[in-house]
Novice: 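Below is the structure I would like to discuss, written out as structure tokens.
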Amino acid sequence: MPKEIDPVCGMEVDPSTARYKTLYKGKVYYFCSSLCKEAFEKNPEHYLKHGPQGMPHHH
């Protein structure tokens with residue numbers, strides 16, 4: 001199975017073992033962590049438009 005790219009941080013994620021995923025506009029996106037998943041769900045269009053931004057930072 002080909003690797004998917006985490007749309008938030010750009011890491012490769014194996015869809016067969018990915019614990020974090022979300023469905024957006026009919027496509028499944030896979031994430032390396034709950035942080036990336038939450039960041040994407042808050043602002044999916046930003047990541048789809050601009051591409052991966054690196055790991056989200058805690059403030």
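Keep in mind that this is a model prediction, so the values were computed, not measured.
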Novice: Calculate, to the nearest 0.5 Å, the distance between atoms OH and OG1 belonging to Y30 and T17 respectively.
Specialist: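 Between Y30 OH and T17 OG1, I get 10.5 Å after rounding to 0.5 Å.
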
Novice: Return all side-chain donor-acceptor pairs below 3.5 angstrom for residues 20-27, not counting sequence neighbours, or 'none' if the list is empty.
Specialist:
{"unit_1": "T22", "atom_1": "OG1", "unit_2": "E41", "atom_2": "OE2", "d": "2.8"}
{"unit_1": "Y24", "atom_1": "OH", "unit_2": "E45", "atom_2": "OE2", "d": "2.5"}
{"unit_1": "K25", "atom_1": "NZ", "unit_2": "E45", "atom_2": "OE2", "d": "2.9"}

Novice: In a table with atom names and distances, give each donor-acceptor pair under 3.5 Å that connects a side chain of residues 5-14 to protein atoms at least two apart or in another chain.
Specialist:
{"unit_1": "D6", "atom_1": "OD1", "unit_2": "V8", "atom_2": "N", "d": "2.8"}
{"unit_1": "D6", "atom_1": "OD1", "unit_2": "C9", "atom_2": "N", "d": "3.2"}
{"unit_1": "D6", "atom_1": "OD2", "unit_2": "C32", "atom_2": "N", "d": "2.8"}
{"unit_1": "D14", "atom_1": "OD1", "unit_2": "S16", "atom_2": "N", "d": "3.0"}
{"unit_1": "D14", "atom_1": "OD1", "unit_2": "S16", "atom_2": "OG", "d": "2.7"}
{"unit_1": "D14", "atom_1": "OD2", "unit_2": "S16", "atom_2": "OG", "d": "3.4"}

Novice: Do the side chains of F31 and L48 join up, straight or via other hydrophobic residues, at under 4.5 Å, putting them in one cluster?
Specialist: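 Yes, F31 and L48 fall within the same hydrophobic cluster.
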
